[in-house]
Every structure is written in structure tokens, then in C-alpha cells.
Amino acid sequence: MPQQKDIVKIAIQMPGAYPQLIQLDQKKPLSAVIKEVCDGWNLPGPENYALQYADGVQTYITESNRLDIKNGCILRLTKAPGRCAEDLFKGIQSLDPGVRCDSLKELASVSTDVTFAQEFISRDGHLLLVKIVEDSNESNVIMTHTLTGFMELMDHGIVSWENLSSVFIKKIASFVNAKPTDASIQQVSLDILESMVLSSHSLFLQVKQEVTMERLIAHLQVTNQQIQTKAMALLMALLQTAGDSDRQEMFAFLNKKNLRQYIYKNIIHSSGSVQDEMAHYLYVLQSVTLNHLEPRMRTPLDCYSQEQRDILHNLRQAAFETESENSLSHERRRSLCAKEFKKLGFSNNSNPGQDLVRTPPGLLALDTMFYFASRYPDAYSRFVLENSSREDKHECPFARSSIQLTLILCEILRIGEPPSETGSDYHPIFFSQDRLMEELFCVCIQLLNKTWKEMRATQEDFDKVMQVVREQITRTLSSKPTSLELFKNKVNALNYSEILKLRQTERLHQEETLAPPVLELKERLKPELLELIRQQRLNRLCQGTMFRKISSRRRQDKLWYCRLSPNHKMLHYGDVEEDMDNPPIETLQEKIPVADIKGLLTGKDCPHMKENKGKQNKEVLDLAFSITYDVEEYSLNFIAPSRTDFCLWTDGLSVLLGREMSSESMRSELEILLSMEIKLRLLDLENVPIPDSAPVVPKPPSNYNFCYDFSQTEQ
């Protein structure tokens, strides 16, 4: 008695007969099941029949796939694959063209089934198709069915492509090369050649010899989208299979024919939308083309290469107009070079080549810098001189930024990654712009300088700026700009304040999608975390900060220090010497009781900003704050060293005055703390032992030779 799980309830159809509803016993041999079905319809010779799915892909049922049959499936009783293969094998050799045509048409349909394909190939049916192609005496319709059936049979991998004769390959290539050939024949011929190229290098060489690149480009110019797609598929197969020298030769030819510009104009721009299959091949072309930059990206700078050293010095000389260096002594010239390389933004200014040893981006960073300097010399000089002349710690280092930006662009464009088999994310801008990597760099390095100023960044903010620039680039490219000019306009419009707005919008959207219990937990956590931030601000005020006094002549001179007393009741301040990092509170002669502080002013409302109205730039205004005391008749005026210090002090003073903190740093820190705390609270810690005390901190290593110091200074 079969178990219930071995029984499948199915329906079996046959043309001209009522369906049979049976309970299929999966333990019973398939031949016995077919015999019972044939007996139900009084059909002799059950060995000549087989079961097949009636819907969808009409696959033959075999002992190996019968377990895929589910309850409610509809099957069909049909000719056994061996009998079908024999009938078609005979029909293809018929003298009647109509019978041959019908047999080949049916063959093209049933060859998708591997069981049938095995039966047909075992009778050397594929060789029969090869002979029909080589003789080439049939009509276009019969030839189309022949090629389609052949392609379906070969797709199963039962027969090797390398067994094909050179006569057959030449004949298939002739269908592709011929101008007045039927479109259906060309389409399947392109398909066959693609499979040949991908199967072995020897077939790649034969196909490359037989099919001209001129004809492939001509196929891209037709209106038939299927022909375009298949031609692009063959072109990508040739490029991917080629060795380095062959690939360079093909790239040179395609560039000469302006292939990318043609694709942009006639496939991307004219159609408006691209089919998924074509999108994949455009992605592959983009990937294969950009990957020719990989060797430069993987190669570190060779400090002994005179050519590479000359490029470095050309960068320096293009930025700074110096006196004739030949007249200088060796030491004087070396000192001058080191100073100028430092101004140029190299970390190791005595040996700038060391900055380019890291791979990636390797030599590609040197290439992009040199391209920018030579292609846009005015923009290059403006960038370097503007930042090298600053003395307020807000200079943007050109070389360091360029190296990191080149790495970011390599990651965004996926240079060095092999194309994915399913990828379709291509950039239309790639097809409309020559030297995309270099031109994108030229736009983005100027964007980086602009963003640096918008963020009022210092060297400590370098990573933060690079994260924003990466986001600006990725967001802009995701909008699929079709030209470099459009990319430039969009990415420059996406300034730092816009990025903050987008982040806030996305954060709010995420909060809206959170479950109510999570939102409730977030609100309950806020007071505790805000108190943590308040304590941190007060502790920071107790540590104190060094401030500079700025005279009316805008000349930085004296230093003074201000700090909060440990009991939070007094603000102590006084003049200090430059070499005094953290003066004791007793040395600060002046003090203001916190209870006497009446107000906190910022920006243009500060008394010292009103006195110099019209003379202060926006950067100083954004760092200025004052406290008023003794019935607002007196004020203590500050200009913070950085935006971070401004936020810490204004938040801390607000806490002392019993007001809410309002700085952007507070909002950012609160969001980070909330996110971390919620993730910790939502962790599944059931049956996870949590220790009562923190683990012991391990001893420091015996040396730090494994660590690379990126903050190298002039030696």
C-alpha cells in the first residue's frame, strides 16, 4: 500500500479523448504508469508514448524529473521522444519541401527538451542539420528553422562546438556578412557565432577571422532591435574572449568608428528606453572598456622612473611660478620642492611618490591629476593657489583629495571588476563622452573643492568630506545623465545642504516605516541620550579651549583660554602664551559667574561682529558667538577655532542657561546614539550569556610595524 506522500493527483489529456484523472504513484515505474494510461484509452504499443507537461515549458516526464510533478498538474500523452526523433529525422530527409519545412519547424520547437535532444543527436541528427547548412540549397524559411533547431540542440552541451567543420563556420559567418540576407537567418547566425566564440579560443580566432567588424557595426545601424541586440552580444563575446593585444586592436578600430557615440545616438537616445538584453550588453561594453584602466590602477608609482618623477615635477611647476631652479643650490632647490609639494597637498612632501605607492589607485591617480592640470590649467592653478595661500587650517589638499577621489571613481565605475552575467546598470554618459574617467575626475575634483568650502572643513574632516562627495556622485549618476555637461550641472546643484536635506527626508521616511513599538522605544530613549550629550558638552567646557583674538585689522595675534569650573559655577578666562596647551584654572585671572550670564548670541548678532559690520566674511560669522552678563551691559566675545568647537560651546552654554541644545552636531550625535541603542535593544539575546564586567583589555603588541602612518610630515 503506497504512502499518501507518494501519491500525486493529476489530469492527463490526449487530443480527441476525455481527460483521465489519476492518482500517480511515484514509486511505480513510469513505463507502468504510461501503460495504464494507454489501456484507459485502448491504445496499443505503450512504449511509443510518453508523458509531457501540457502547460508552460512542455518538458518530457522522465524518471529523473518525475518528482517535480505537483498535485493538480495537467499532463499530456504524446509521442515518445525516441519515436518523435525518428519521425523528424526521416521527415527532414523527405524529398517533399513541405514535409521538410514542417519537420524542421517542429524540430526547432521540440529541441528545447533535453530528452528529445539526446534521442535526436544519438541518431546523428545534428550532423544532418550541419549538412543542410553547408549545402545551402534550401529556402530562407527552411534555413531559419534548420539554424534554430541546431542552436537549440547545441545549447544542451551534449555535443562540443569544437567538433564543427571550418566549412560550417564559414557558411554561418557568410550569413552574417551578407547584406541582403533574411533577418531571421542573420539573427540566429549571430547567436550561433556568439556561442562559438564563448566556447573556445580556437573558435574565437576563426570567427574573428571570418566576421568583419565593419559588418557587426553595420548590424548595429539597422532598425531591427533583435539584430542590434544579437550583433552587440557577438561583439561583447569577441571583446571578452580576446587577449590583451587583440582587445586593444579591436578597441582602436571601434574608437575610430565612433562606436560609443553611435550607440548613444541611435540606440540609447533615439529609443528612449533600452530592452533588458541590450542593457546588459551595453553594461558589458562599459565594463570591458573601463577595465583597460585596471593595469594603471594596480601599478604603484616607481620612484626610480624618471618619466613618473618628471610628471610629478610638472604638476608642481604648473601650479607655482618659481624662479629658475637651475641657479639654486641642491639644498635650496630640494627645500623649495618640498615646500611646494606640501602646498600641493602631498602628505610626504620630501618624497611625494610615496603617496602614490598605495594600490588602488596607483598610477591612475597620477594620470588623472596630470590630465586635469594639462586639460584645464586655469582651473588647476585656481584650485591649488586658492588652497595653498590659506592660513586658517581650512585648505583642501589637492594631491591627497585627488588620490582618494580617483579611488572613489574606480569603485563607483567598478573598474577592475569583471562584468556580471546579469548586470545591466550602464551609464548613458559613458557612450556620449570620451575619456569618461578623466573627465569625471576633472568635474568632481572641482566639486570636492566646492563641497570642502561649503562644509568649512579642516584636515580632520577629510573622510567626512569624501563621504559627501561620494554620495553626490552616486546620487547624480543614478539619475542617468546623458552628457558630461548635464552631470556637471546636476552634481553641482546637489550641494552639501541638499545632501543634508535628502538624508533627513530619507531618515524621516525610514521612521515612518518603523513599527509603532520601535517609534515608542525611540521616544523613550531620547531624554536619556540627550542628558548624555549635555554631560559631554559640560565636560568639554571644563576642559576648555584656546581662542584667538582677532584685531580690527584682521590680523591674528594674541591667544586666550576659557574653561568652565568643575562645579559649573564659574567661567574662567585669560590671556595665554602660544606654547601653553592646557593652562591650569588658577592661572586664568578673569572669571564670570554663570549665574550672571544673561544671554547667548551668535553670528551677526554678536557685538564684535556688529563693530566690524561689512568687514567680516561668512566663515568668521559662522564661528562667532558671545555671552552677555551684568544686565547685558558687558559681553565676552568668542571666535571658535572650528565649527565643531562652535557647536560644543554653544550647546554647553545653552545647557548652563537652561535652554535646549540646537546645533547640527547635537542632532547628528543624537541620531547616531539612537540608532545604535535601538539596534542593541532589538538584538535577540535569548540564551546569550552577558558578562557582568567588561573583558580584560589585551596587552599592546610588541611593535607597530603592521601599521602604516598616513600622516607623514616633511622630513
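What you see below is based on every heavy atom in this structure, not just the backbone, and it leaves out hydrogens, waters and symmetry mates.
N255 places a side-chain N or O within donor-acceptor distance of the main-chain N or O of F251, the cut-off being under 3.5 Å. At distances below 3.5 Å, at least one donor-acceptor pair connects side-chain atoms of Q228 with backbone N or O atoms of V222. In this structure, the side chain of D191 does not engage the main chain of A233 through any donor-acceptor pair within 3.5 Å. Between the side chain of N71 and the main chain of K9, a donor-acceptor pair closer than 3.5 Å is present. Formation of a donor-acceptor pair under 3.5 Å by the H156 side chain with backbone atoms of L153 is not found in this model. No donor-acceptor pair under 3.5 Å is formed between the side chain of W161 and the backbone N or O of I192. Proximity of a side-chain donor or acceptor of D55 to a complementary backbone N or O of I74 within less than 3.5 Å is not detected. The main-chain N or O of F89 is found under 3.5 Å from a side-chain atom of Q93 such that the two form a donor-acceptor pair. Distance alone, capped at 3.5 Å, places no donor-acceptor pair between the S200 side chain and the V197 backbone. Judged by distance alone, with hydrogens and angles left aside, the side-chain atoms of S675 form no donor-acceptor pair with the main-chain N or O of E671 at under 3.5 Å.
C73 and I69 make their closest contact through CB-CG2, 4.1 Å (heavy atoms, listed as atom of the first residue, atom of the second, distance). The shortest non-hydrogen separation linking P46 to I34 is O-CG2, 3.7 Å. The two residues A279 and Y426 have their closest heavy-atom pair at O-CD2, 3.7 Å. Nearest heavy-atom pair, G416 versus E294, reported as atom, atom and distance to 0.1 Å: CA-CD, 3.6 Å. Nearest approach of I169 to L164, heavy atoms of both residues: CD1-O, 4.4 Å. Here the closest non-hydrogen pair linking S136 and F175 is OG-CZ, 3.8 Å.
Residues R260 and L254 are not in side-chain contact: their nearest non-hydrogen atoms beyond the backbone lie 4.5 Å or more apart. At a threshold of 4.5 Å between non-hydrogen side-chain atoms, the residues V141 and C101 count as touching. Counting only heavy atoms from C-beta outward, the side chains of Q118 and I158 approach each other to under 4.5 Å. Counting only heavy atoms from C-beta outward, the side chains of N224 and Q186 never approach each other to under 4.5 Å. Side-chain contact between V110 and L88 is present, with heavy atoms from C-beta onward closer than 4.5 Å. In this structure, L477 and F487 have side chains that are in contact, with non-hydrogen atoms separated by less than 4.5 Å. Two residues are said to be in side-chain contact when any heavy atoms from C-beta on lie closer than 4.5 Å; L147 and M143 meet this criterion.
A salt bridge is defined here as a Lys NZ or Arg NE, NH1 or NH2 lying under 4.0 Å from an Asp or Glu carboxylate O, and R66 with E63 meets this definition. Contact check on E506 versus R475 returns a salt bridge, with a Lys/Arg side-chain nitrogen under 4.0 Å from an Asp/Glu carboxylate oxygen. With salt bridges taken as basic N to acidic carboxylate O contacts below 4.0 Å, none links K105 and D102. A salt bridge between E119 and R83 is absent, with no side-chain N of the basic residue lying under 4.0 Å from a carboxylate O of the acidic one. Between E677 and R524 there is no salt bridge, since no side-chain nitrogen of the basic residue lies less than 4.0 Å from a carboxylate oxygen of the acidic one. Classification of R100 and D96 as a salt-bridged pair fails, no side-chain N sitting under 4.0 Å from a carboxylate O. Using a 4.0 Å cut-off between charged side-chain N and carboxylate O, R123 and E86 make a salt bridge.
Side-chain contact check for Q504 and R507: at least one donor-acceptor pair (N or O, by modelled atom type) lies under 3.5 Å. Looking at R76 and Q52, their side chains do bring a donor and an acceptor atom within 3.5 Å of each other.
The line from CG of L238 to CG of D246 is 10.0 Å long, rounded to the nearest 0.5 Å.
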Evaluate the criterion side chain to side chain donor-acceptor pair (under 3.5 Å) for residue pair E134 and S165; output intermediate values, then yes/no. CA-CA 10 Å; E134 290 177 349; S165 67; 2.6 Å; yes
Pair C38-L77, side-chain contact (heavy atoms from CB on, under 4.5 Å): steps then yes or no: CA-CA 9 Å; C38 288; L77 189 69; 4.2 Å; yes
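The number of heavy-atom neighbours closer than 6.0 Å to CD of E520, taken from other residues, nucleotides and ligands shown, is 12 or below. Heavy-atom neighbours of D276 CG from other residues, nucleotides or ligands within 6.0 Å: at or below the threshold of 12. Around atom NZ of K79, more than 12 heavy atoms belonging to other residues, nucleotides or ligands sit under 6.0 Å away.
Between F116 and F120, a ring centre-to-centre spacing shorter than 6.0 Å is recorded.
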Identify all side-chain donor-acceptor contacts of residues 280-288 below 3.5 Å with residues at least two apart in sequence or on another chain.
unit_1 : atom_1 : unit_2 : atom_2 : d
H280   : ND1    : G423   : O      : 2.7
Y283   : OH     : S420   : N      : 2.7
Q286   : OE1    : H427   : N      : 2.6

For residues 212-220, please give each side-chain donor-acceptor pair under 3.5 Å, one per line with the distance, not counting sequence neighbours.
unit_1 : atom_1 : unit_2 : atom_2 : d
T212   : OG1    : R215   : N      : 3.2
E214   : OE2    : K257   : NZ     : 3.1
R215   : NE     : N177   : O      : 3.0
H219   : NE2    : V176   : O      : 2.8

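In this structure, K131 is not positioned above the aromatic face of F168 in the sense of NZ or CZ being under 6.0 Å from the six-membered ring centre and within 45° of the axis.
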